[in-house]
Every structure is written in C-alpha cells, then in structure tokens.
Novice: 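Handing you a structure now.
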Amino acid sequence: MTLQGVRAIVTGANQGFGYAVAERFIAEGGRVFLCARNSERLGEAAALLQSKAPQSDAVRWEQADVSSPSDVERIVERSIAAFGGVDVLVCNAGVYGPKGPIDSVDWNEWAHAINVNLCGAVLCCRAVLPHFRSRRSGKIILLSGGGATKPLPFLSAYAASKAALVRFGETLAEEVRSAGIDVNAVAPGALNTRLLEEVLEAGPERVGQAFYEQSVAQKRKGGTPLETGAALCAFLASSKSNGITGRLISAVWDPWTDLPARQDELAASDIYTLRRIVPEDRGKNWSHDS
C-alpha cells in the first residue's frame, strides 16, 4: 500500500488510462478525486471504483472541462475540501484533435486540441500550486505521448501539444524545485483506448497510411497494458520517487524502478529530457573549422 493516505486529482478519469491510474491509486491505498467532461460515464466509473476501494470515502467526482479555468478552480477547491488536502495531480485529460494536413483541418478544432492538451494541464497546475507550495510538497504527473519525441504527420495538434507539455513540465520542475514539488511526464506506451479507435475510424486518408497500418497492428496485438503506465504513475505519486523531477519517463522502456538508487546521477544529467541532437552526438564533426 505505497499510496496509503495519498490524495490525488485525476483528470480524464472516466475511462481508459485515467481510469486505470485511479484504479491503481485506490488499490495502493490512495483516495482519488475524478473529473471528466462526460458526467454520466464519470459517475459510472466512480461507482465502480468505489465498489473496489478498501475505504468508504476513497472516491469523489465532479464533471469538469480542463480547458475551462472556472471548472479547474472548482475541481481543485472541491478536492481539497473533500479530502482535507491534495498530494498528487495527474493531468491525463487529452484529445487527438483534428486529423489531416495542417492546411486543411479545421482551425478551431486544432486550437481546441491545444487548449485541452496543453492549456488544460497548465491550468490544473496553476490551480493546485498554491496548495502544494503552502505544504512544501506535491507531485505533478503529466501525460505525454508519441508526439512529444517524434513527428506525427496529420496529427499535428496532438504532437505539438504533447511536446510543449513535456517542455512545460521540465520548466515547471525548475520553478518549484525549492518548494519540494516534483513534476514529471509519463509516456505510458501504445495504448488500446478510445484514441486508437479514433485513428482506425478516421482511416489512412486522414491519418496517413503508415500510422494507420501501425494502429491496425497495435489493435491486433493488444497494445501496452494500461496497468504498465498506471504502475509508473503510482511510483511517481509515492514517496519512493521523492526528488526525481523534470523528466519524461517511459513506462515501457525505462528502468524506472531503479531510479531512486540513481537519483544523484540522474539529477546531474540530461537523461530523460527533451534536447537537440547535435552532430557530435552521432560521431560527426561539423564545426566551422572542419
């Protein structure tokens, strides 16, 4: 029960990965305040989670849109009131946005995806930071995706927002380091969730042949288990990860269970951060004198 007594806000928690994170937190002894846009589905998810919880007050929930500042402020206030405080914020809410070439997709849909994926997470962080600062502790977990580390043609809003979110997390981590607040981004793997179904429904004409074929293969093989990324989130929400901050960590590929033993080495490096690859990194000398 590594999260015994831990109180968390999980956005986008009515299905898929957000639900899996909330389920893992409850299993580890934590309490969760859930929010999502679909109230009916959120209520059903909350009831199911509460039925699995070892304590009667493990789950609270309210409908909210993370792109709305007033909704975000309300959720943070209500969660603090419900649990007597908050220890962890998991920014999971996100959308793919429009699919297609940037010069043909609907601009309002493109901007909306940025507003949800990037601005929504920033709003949540802004709202919870005064509480974390007053306690001089807190954990913020941001959900990254494939678009953060490689191009995603025809899904430019998603890719741009996720790359920006990771850099925001690295920047925020430096701003709040002295306040005892850890900020990290998680890459949970290729998940078989509603986002995958959106890609398959859109077809190769809108998402590109390569990504469509990759998605078909992922659907067939089953994708990364949701529990894999949820376990990483539980680790980052626990005291085991104290001091690990400003990183983008892959649930699938990185040895994250070993990071506490490597914390000093990690802190002194740029490992698990976004960076520019220069010629020397690839064994080439492209200096002005060459």
Novice: Can you name the side-chain contact (heavy atoms from CB on, under 4.5 Å) partners of R167, sequence neighbours left out?
Specialist: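 Residues passing side-chain contact (heavy atoms from CB on, under 4.5 Å) with R167: E170, T171, L274.
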
Novice: When you check the side-chain N and O atoms of Q218 and Q214, is any donor under 3.5 Å from an acceptor?
Specialist: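 Result is no, nothing qualifies.
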
Novice: Under the side chain to side chain donor-acceptor pair (under 3.5 Å) criterion, do K139 and N242 qualify, and how do the steps go?
Specialist: CA-CA 9 Å; K139 303 277 192 174; N242 285 355; 2.8 Å; yes

Novice: What residues, two or more places apart in sequence or in another chain, satisfy ring-ring contact (aromatic ring centres under 6.0 Å, His included) together with Y158?
Specialist: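 Listed in chain order: Y96.
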
Novice: Would you mind listing every side-chain hydrogen bond (donor to acceptor under 3.5 Å, both in side chains) that reaches into residues 250-273, with sequence neighbours excluded?
Specialist: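 Applying side-chain hydrogen bond (donor to acceptor under 3.5 Å, both in side chains) to every pair that reaches into residues 250-273, excluding sequence neighbours, yields D270-R275.
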
Novice: Is a side-chain donor or acceptor of T224 paired with a backbone partner of L191 at a separation under 3.5 angstrom?
Specialist: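 Pair absent, no side-chain N/O of T224 close to backbone of L191.
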
Novice: Hydrophobic cluster membership, with links at side-chain heavy-atom distances under 4.5 Å among I/L/V/M/F/W/Y: are L232 and I244 in one?
Specialist: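 Shared cluster, yes.
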
Novice: I would like to know whether I181 and R133 meet side-chain contact (heavy atoms from CB on, under 4.5 Å); could you show each step before the answer?
Specialist: CA-CA 8 Å; I181 302 168; R133 289 184 191 276; 4.2 Å; yes

Novice: Looking at residues at least two apart in the chain, or sitting in another chain, which of them share a side chain to side chain donor-acceptor pair (under 3.5 Å) with R31?
Specialist: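 Residues passing side chain to side chain donor-acceptor pair (under 3.5 Å) with R31: D57.
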
Novice: Checking side chain to side chain contact (heavy atoms under 4.5 Å, CB included) between Y19 and each of T193, L42, L48, which is the one that passes?
Specialist: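 Checked T193, L42, L48 against Y19; only one passes side chain to side chain contact (heavy atoms under 4.5 Å, CB included): L48.
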
Novice: Under the side-chain contact (heavy atoms from CB on, under 4.5 Å) test, which residues partner A46, sequence neighbours left out?
Specialist: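 Checked A46 against side-chain contact (heavy atoms from CB on, under 4.5 Å); matches are L34, V59, W61.
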
Novice: Got a salt bridge between E198 and R194, using NZ or NE/NH1/NH2 to carboxylate O under 4.0 Å?
Specialist: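 Yes.
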
Novice: Verify salt bridge (Lys or Arg N to Asp or Glu O under 4.0 Å) between E44 and R41, making sure each step is shown before the conclusion.
Specialist: CA-CA 5 Å; E44 294 171 354; R41 187 176 294 159; 5.9 Å; no

Novice: Below 4.0 angstrom, N of the basic side chain to O of the carboxylate: do D87 and R7 qualify?
Specialist: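 Judged by the 4.0 Å cut-off on N to carboxylate O distance, D87 and R7 do form a salt bridge.
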
Novice: Sequence neighbours excluded, which residues qualify as side-chain contact (heavy atoms from CB on, under 4.5 Å) partners of E62?
Specialist: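 Applying side-chain contact (heavy atoms from CB on, under 4.5 Å) to E62 gives F33, R74, I75, R78.
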
Novice: Do you know which of T2, V6, V32 makes side chain to side chain contact (heavy atoms under 4.5 Å, CB included) with F25?
Specialist: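 Testing F25 for a side chain to side chain contact (heavy atoms under 4.5 Å, CB included) against T2, V6, V32 leaves exactly one candidate, V32.
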
